[in-house]
Amino acid sequence: MTRYVVIGGGAVGGLLAAQLTLAGIPSVLVARGAQLDAIRAGGLRVRRPHGDDVVPLAVAGGPDEVRLTAGDVLVLATKAQDAESALSAWAWRPVHDGGPAADLPVVTLQNGLATEEDALRRFGRVYGATVAVAASYLVPGEVVNPSHPVVGVFWIGRYPRGRDDEQERIAADLTAAGFGVHSVPDITAWKARKLLGNVRNGLDLLDGTDEEKARAGALLTAEAEAVYAAAGIVAAEALGAASVLTFEPVPGHVPGRLSTWQSFARGTSSEVDHLNGEIVRLGRRHGVATPVNERLQRLLGAQAAAGRPPGSHRVAELLEVAVGA
């Protein structure tokens with residue numbers, strides 16, 4: 001039976017390892033810091049609308065603690081900004097049956113458009129995945145998942161294109177673990193579709209009215225669409241996760257906080273350079289102005305570097321740039 005080595009113990013990685021374990025599918029979660037200590041001490045608590053599951057996970061602190069075999073699948077569940085260092089740390093680890101980990105399949109869960117190319121430098125079998133999930137990780141040893149009965153949705157595909165038997169086996173295991181799964185032939189199109197929404201994530205960190213945030217969000221997405229047109233990137237028509245996922249209240253949990261806000265709240269590194277920064281990079285490469293995305297990237301980049309909390313800037317600072325443009 002396939003074993004999944006889930007690298008990254010945050011909201012998505014923790015929930016994935018818990019769901020696989022509950023389904024009887026072997027997995028090991030690679031975590032660090034307080035999250036690692038808490039899971040080792042008492043398992044991972046998954047808080048749900050109708051009660052909690054405490055899941056005793058197999059957990060490791062890094063590649064030195066995992067004995068890889070030829071049946072393993074690596075799942076890269078770090079944030080995009082940490083993906084390159086994780087790929088470097090794992091790719092040349094020895095596999096017990098012979099060869100390096102770079103011979104194993106790797107599934108990349110990151111937002112943005114860059115991680116699959118990074119993985120392809122080392123790994124011969126890369127499977128990109130886009131994930132729609134409402135999971136939150138703010139407290140060590142605990143993940144909140146308000147989705148029921150489907151806990152999240154995956155779109156998975158061989159990178160750079162195509163579909164194969166390994167992909168279908170992974171999709172079947174994810175389905176058995178409680179996820180809605182779409183096996184697709186062009187994963188980049190689905191990654192691009194999600195990024196059109198992800199460019200709005202940083203608005204959670206700014207003060208402003210709902211109307212201001214709606215205006216700013218429309219500007220951010222319009223810039224991304226203009227960049228896609230210039231770069232020849234065709235996004236999938238729609239993710240459609242809303243038709244599959246049903247959300248219910250979890251006692252004591254405040255819903256609606258996206259992954260970017262969660263990172264700032266925990267004081268960890270920011271993924272903004274791989275969201276808005278990806279649009280800025282493509283805009284510079286193809287001669288398309290992206291002033292609103294660039295301003296948001298700069299504001300939040302400086303905020304993260306200074307360790308300032310959410311709410312240190314206002315949405316009006318983005319709208320001013322749009323008026324000036």
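Tyr159 places no side-chain N or O within donor-acceptor distance of the main-chain N or O of Ala119, the cut-off being under 3.5 Å. Under a 3.5 Å cut-off, the side chain of Lys194 and the backbone N or O of Val131 do form a donor-acceptor pair. Looking at Arg193, its side chain does come within 3.5 Å of a backbone N or O of Ala236 through a donor-acceptor pair. Looking only at distances, no side-chain donor or acceptor of Gln110 sits under 3.5 Å from a matching main-chain atom of Asp82. Within the 3.5 Å criterion, the main-chain N or O of Ile170 finds no donor-acceptor partner in the side chain of Asp173.
Ring geometry, His182 versus Trp155: the interplanar angle falls under 30°, so the pair is classed parallel (tilted spans 30 to 60°).
Under a cut-off of 6.0 angstrom, the local environment of CZ in Arg298 is sparse, with at most 12 non-hydrogen atoms contributed by other residues, nucleotides or ligands. For Glu237, the CD atom is loosely surrounded, since the number of other residues' heavy atoms within 6.0 Å does not exceed 12.
Annotation: side chain of Leu275 is in contact with side chain of Leu195 (closest heavy-atom distance under 4.5 Å). Side-chain contact between Val66 and Arg3: present, with at least one pair of heavy atoms (C-beta onward) separated by less than 4.5 Å. In this structure, the side chains of Val151 and Val46 stay at 4.5 Å or more apart for every pair of heavy atoms.
Rounded to the nearest 0.5 Å, atoms NE2 (His96) and CG (Asp72) are 11.5 Å apart.
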Exercise answer: donor-acceptor pairs, residues 7-27 side-chain atoms, under 3.5 Å, sequence neighbours excluded:
residue, atom, partner, partner atom, Å
Gln19, OE1, Arg48, NH1, 3.1
Gln19, OE1, Arg48, NH2, 2.6
Gln19, NE2, Ala177, O, 2.7
Thr21, OG1, Ala17, O, 2.8
Thr21, OG1, Ser27, OG, 3.3

Residues 285-293, side-chain donor-acceptor partners within the protein, below 3.5 Å, at least two apart:
residue, atom, partner, partner atom, Å
Asn293, OD1, Asn276, ND2, 2.9
Asn293, ND2, Leu220, O, 3.2
Asn293, ND2, Glu223, OE1, 2.8

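In summary, the side chains of Glu116 and Thr188 do not present any donor paired with an acceptor at a separation below 3.5 Å, with no hydrogens or angles considered.
The cluster map of Ile, Leu, Val, Met, Phe, Trp and Tyr, joined by side-chain heavy atoms under 4.5 Å apart, puts Ile187 and Leu76 in the same cluster. Placement of Leu138 and Leu29 in two distinct hydrophobic clusters is found when ILVMFWY residues are connected by side-chain heavy-atom separations under 4.5 Å, directly or transitively.
The nearest pair of heavy atoms linking Arg163 to Arg158 is N-CB, 4.5 Å. Closest approach of Gly112 and Lys191 over heavy atoms only: O-CD, 3.7 Å.
Using a 4.0 Å cut-off between a side-chain N of Lys or Arg and a carboxylate O of Asp or Glu, Glu320 and Arg314 do not qualify as a salt bridge.
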